[in-house]
Amino acid sequence: MLNDHVLFPYKYADRPLPLDRARMPHASVTRQRLYHAHGPEGQEGLFPLDEELTTEEYEQLHEAFEELGRTARLVSVFFTADPEGGIHAVHWGSARLEPDHTFAWDPSEQLDLPSRT
């Protein structure tokens with residue numbers, strides 16, 4: 001945690017792969033909750049969900065982690081790497097976990113890597 005921002009590193013592939021191909025196929029309930037509660041707002045639905053339309057499970061997924069504080073924002077740091085080649089690419093930004101376990105980024109930036117000598 002840094003200045004009310006939670007850094008979440010995630011290795012999304014062991015070979016060079018574009019960021020738009022990043023997936024989290026086995027997103028645990030804890031990771032889903034982190035993205036839903038502290039990540040960017042989701043796209044507008046067809047209609048707002050009233051309290052009587054939400055389930056307890058839905059409410060729990062959107063409940064902020066007290067340890068982080070309600071205002072903490074999630075910054076995703078995604079990278080590809082392998083033991084022989086090291087780190088191929090690092091991206092960071094604001095990502096939303098989609099229901100199909102892909103990510104919608106708004107915005108994102110690829111970080112420069114130091115040159116290898």
Side-chain angles (χ1 to χ4, degrees):
M1 182 127 174
L2 180 66
N3 292 336
D4 212 24
H5 289 81
V6 179
L7 299 177
F8 179 76
Y10 179 66
K11 178 181 163 188
Y12 68 93
D14 58 4
R15 61 185 170 86
L17 197 65
L19 183 62
D20 63 358
R21 303 264 317 271
R23 294 181 47 83
M24 189 179 289
H26 306 290
S28 68
V29 172
T30 301
R31 287 179 176 176
Q32 289 179 50
R33 181 176 161 208
L34 184 63
Y35 272 93
H36 291 312
H38 296 281
E41 295 293 320
Q43 292 180 331
E44 293 288 328
L46 295 176
F47 53 88
L49 293 178
D50 293 328
E51 284 185 29
E52 62 261 6
L53 296 176
T54 61
T55 64
E56 184 176 335
E57 181 180 7
Y58 177 88
E59 293 298 328
Q60 288 174 347
L61 277 178
H62 291 81
E63 185 176 312
F65 285 89
E66 286 184 31
E67 309 92 289
L68 303 176
R70 294 198 170 280
T71 61
R73 301 301 346 142
L74 182 66
V75 176
S76 297
V77 182
F78 278 32
F79 63 97
T80 61
D82 69 74
E84 293 81 31
I87 298 173
H88 311 123
V90 178
H91 303 266
W92 74 333
S94 183
R96 185 176 62 250
L97 179 62
E98 299 290 350
D100 65 354
H101 299 277
T102 61
F103 293 87
W105 292 85
D106 185 37
S108 71
E109 177 183 2
Q110 184 168 353
L111 302 176
D112 292 331
L113 296 176
S115 61
R116 296 181 188 174
T117 56

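- A pairwise comparison of heavy atoms in Ala22 and Phe103 identifies O-CD1, 3.8 Å as the closest pair.
- The aromatic rings of Tyr12 and Phe78 sit tilted, their planes meeting at an angle between 30° and 60°.
- Cluster annotation: Leu111 is not connected to Leu2 through the hydrophobic network of ILVMFWY side chains, with a link wherever side-chain heavy atoms come within less than 4.5 Å.
- Annotation: side-chain hydrogen bond (donor to acceptor under 3.5 Å, both in side chains) contacts of Trp105 (sequence neighbours excluded): none.
- Minimum interatomic distance between Ala72 and Met1 (heavy atoms only, all atoms of both residues): CB-CE, 3.8 Å.
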Worked verdict on His38 versus Val6 for side-chain contact (heavy atoms from CB on, under 4.5 Å): CA-CA 8 Å; His38 296 281; Val6 179; 5.6 Å; no
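- The line from OG of Ser94 to CG of Leu74 is 7.5 Å long, rounded to the nearest 0.5 Å.
- Using a 4.5 Å cut-off on side-chain heavy atoms (C-beta onward), Leu97 and Leu34 make no contact.
- Crowding of Asp112 atom CG: a count of heavy atoms from other residues, nucleotides or ligands under 6.0 Å not exceeding 12.
- For the atom pair CD (Glu84) and CG (Asp14), the distance works out to 9.5 Å, reported to the nearest 0.5 Å.
- Nearest approach of Asp100 to Arg23, heavy atoms of both residues: O-NH1, 2.9 Å.
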Kindly determine whether His88 and Leu113 satisfy side-chain contact (heavy atoms from CB on, under 4.5 Å), including the steps that lead there. CA-CA 8 Å; His88 311 123; Leu113 296 176; 5.8 Å; no
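- Separation of atoms CG (Leu68) and NE2 (His5) is listed at 12.5 Å; rounding is to 0.5 Å.
- Summarising the geometry, atom CG belonging to Asp82 is positioned 7.0 Å from atom NZ belonging to Lys11; distances are rounded to the nearest 0.5 Å.
- Put simply, the side chain of Pro40 does not reach to within 4.5 Å of the side chain of Asp106, judged on heavy atoms.
- In terms of heavy-atom proximity, Glu98 sits nearest to Ala104 at OE2-CB, 3.1 Å.
- Residue Thr80 holds its OG1 atom at 7.5 Å from CG of Leu17, rounded to the nearest 0.5 Å.
- Between atom CH2 of residue Trp92 and atom CD of residue Glu109 there is a gap of 7.0 Å, rounded to the nearest 0.5 Å.
- Listed here is the closest heavy atom pair of Leu19 and Ser108: CD2-OG, 3.8 Å.
- The shortest heavy-atom contact between Gln110 and Ala89 is NE2-CB, 3.7 Å.
- Around the CZ atom of Arg21, the shell of radius 6.0 Å holds no more than 12 heavy atoms that belong to other residues, nucleotides or ligands.
- Residues satisfying the side-chain contact (heavy atoms from CB on, under 4.5 Å) criterion with Arg31, sequence neighbours excluded, are Phe8, Tyr10, Met24, Ser28.
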